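Below is one structure; the comments refer to it alone.
On a predicted model such as this, the values are computed, not experimentally measured, just so you know.
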Amino acid sequence: MKQTNRDFAVKLRNTIENAPVNRNKFYVAFRDRTLTEKQMERFMGQYFWFCKTFIRTLAGLVANTPDNQEDVRLELVKTLYSELGYGKKPAIHLNQLRKFTKKLGLSEEYLDQVDLIPEIKSYIEDLRCLFGQADFRESIGAEFGVEVTAYPEFTYLYPGLKKYGKFSDDDINFFKLHLVEEKLHGDWMTDAITNLGNTEE
């Protein structure tokens, strides 16, 4: 039986979901160990910057997707709309994350002046180039990978934060929220990959 676009997209998603990167040492340590205040601040400063730049980077991918790929672009817009809180300012994902950074005592001034480690700088720049300048099919593939690998991340980060008694449910809602939202993003990007294929190659 000939493989359909959907078969290919689902198989690719399963391969990515089962990749070792989704069970790395950092995730396990974050879930199981107790971080010092300084370690938590350092991690969140780096993490905040990625989240802050991702919305603009994703918007660049929407713009980079050709007009004749409306079905693909619609799936991207769903993801962007989710990131922007479905049109509700308090629900914007970055604003949800700010609740946690405020709980940690990290000011906006501190977050604006975070000295990014080379790996974070490189990752942000690589995504910016891929989403805004690469062939759009390569860009869609990169976004597919980002979204599919994002869900497993929160299966470690959320329980890792739950074990600290000082954080309320509202403080860490960003992380709980993404256990649902990242599944949706993965579904939408699976649809985008399905809609992208038009040749056997």
Side-chain angles (χ1 to χ4, degrees), residues 12-58 61 79 82-83 92-108 110-131 139 141-187 189-190:
L12 183 59
R13 181 175 181 172
N14 288 338
T15 299
I16 295 171
E17 285 178 340
N18 291 308
V21 69
N22 297 317
R23 299 175 299 280
N24 64 66
K25 290 179 181 179
F26 174 80
Y27 289 166
V28 174
F30 191 95
R31 182 193 63 196
D32 297 341
R33 298 182 190 173
T34 300
L35 275 65
T36 67
E37 192 172 301
K38 286 293 182 186
Q39 287 172 327
M40 185 72 79
E41 287 177 3
R42 181 165 167 75
F43 169 65
M44 286 313 304
Q46 303 292 315
Y47 190 76
F48 184 87
W49 259 91
F50 167 71
C51 295
K52 182 177 181 177
T53 60
F54 183 71
I55 295 173
R56 285 198 206 111
T57 306
L58 183 58
L61 177 52
T79 304
S82 163
E83 291 286 343
I92 291 172
H93 291 186
L94 195 64
N95 289 340
Q96 288 289 316
L97 184 56
R98 279 189 172 98
K99 290 181 183 179
F100 185 63
T101 57
K102 284 179 182 176
K103 181 68 175 183
L104 292 178
L106 306 182
S107 67
E108 287 292 322
Y110 170 86
L111 292 170
D112 285 343
Q113 296 175 1
V114 166
D115 185 20
L116 295 177
I117 62 174
E119 293 84 355
I120 297 295
K121 282 183 180 177
S122 177
Y123 186 49
I124 289 171
E125 188 55 36
D126 285 349
L127 282 185
R128 188 174 288 134
C129 290
L130 275 168
F131 284 17
S139 306
E143 165 62 357
F144 179 70
V146 167
E147 297 299 349
V148 171
T149 57
Y151 170 75
E153 169 188 335
F154 290 97
T155 66
Y156 290 91
L157 297 185
Y158 179 62
L161 292 171
K162 281 279 286 182
K163 70 177 183 283
Y164 298 91
K166 60 184 178 181
F167 301 134
S168 70
D169 288 344
D170 194 49
D171 293 334
I172 58 175
N173 188 58
F174 170 88
F175 301 91
K176 182 179 181 180
L177 171 76
H178 279 75
L179 289 171
V180 175
E181 290 298 300
E182 293 302 349
K183 277 285 192 185
L184 288 174
H185 295 184
D187 291 345
M189 290 312 302
T190 302

Legend entry - Validation row: Lys162, Asp169 side chains within 4.5 angstrom (heavy atoms): yes
Inset, instruction - Compare all side-chain heavy atoms of Lys103 with those of Asp170 and state whether any distance is below 4.5 angstrom. - result: no
Inset, instruction - May I ask you to decide if Asn173's main-chain N or O and Gln96's side chain share a donor-acceptor pair within less than 3.5 Å? - result: no
Inset, instruction - Mark yes when over 12 heavy atoms from residues, nucleotides or ligands other than Arg42 sit less than 6.0 Å from its CZ; otherwise mark no. - result: no
Legend entry - More than 12 heavy atoms from other groups under 6.0 Å of NZ on Lys52: yes
Legend entry - Contact check, side chains of Phe30 and Met40, non-hydrogen atoms, under 4.5 Å: yes
Legend entry - Glu181 side chain near His93 side chain, heavy-atom distance below 4.5 Å: yes
Inset, instruction - For Tyr164 and Arg33, work out which heavy atoms get closest and say how close. - result: OH-O, 3.7 Å
Legend entry - Atom pair CH2 (Trp49) and CD1 (Ile120), whose distance is rounded to the nearest 0.5 Å: 12.0 Å
Legend entry - Nearest atoms (heavy-atom pairs only) where Phe175 meets Leu97: CZ-CD1, 3.9 Å
Legend entry - Sole candidate of Leu58, Thr53, Thr57 that passes side chain to side chain contact (heavy atoms under 4.5 Å, CB included) when paired with Leu127: Thr57
Inset, instruction - Just do the salt bridge (charged side-chain N to carboxylate O under 4.0 Å, His left out) check on Lys121 and Glu125 with the steps written out, would you? - result: CA-CA 6 Å; Lys121 282 183 180 177; Glu125 188 55 36; over 6 Å; no
Inset, instruction - Might you point out which heavy atoms bring Glu41 and Leu106 nearest each other, and give the distance in Å? - result: CG-CD2, 3.6 Å
Legend entry - Within 6.0 Å of CZ in Arg56, more than 12 heavy atoms from elsewhere: no
Inset, instruction - Could you tell me whether the side chain of Leu116 reaches within less than 4.5 Å of the side chain of Gln46, counting heavy atoms only? - result: yes
Legend entry - Validation row, ring centre Phe43 to ring centre Phe26 under 6.0 Å: yes
Legend entry - Pair Asp187-Thr190, side-chain donor/acceptor within less than 3.5 Å: no
Legend entry - ring pair (Phe, Tyr, Trp, His ring centres under 6.0 Å) partner of Phe100, the single match among Phe174, Phe167, Tyr158: Phe167
Legend entry - Distance-only donor-acceptor check, side chains His178 and His185, under 3.5 Å: no
Inset, instruction - List the atom of Leu179, the atom of Tyr151, and the distance in Å for their closest heavy-atom pair. - result: O-CE1, 3.2 Å
Legend entry - Closest non-hydrogen atom pair between Thr34 and Gln39, with its separation: O-OE1, 4.4 Å
Legend entry - Within 6.0 Å of NZ in Lys102, more than 12 heavy atoms from elsewhere: no
Inset, instruction - Flag yes if more than 12 heavy atoms outside Glu37 fall under 6.0 Å of its CD atom; otherwise flag no. - result: no
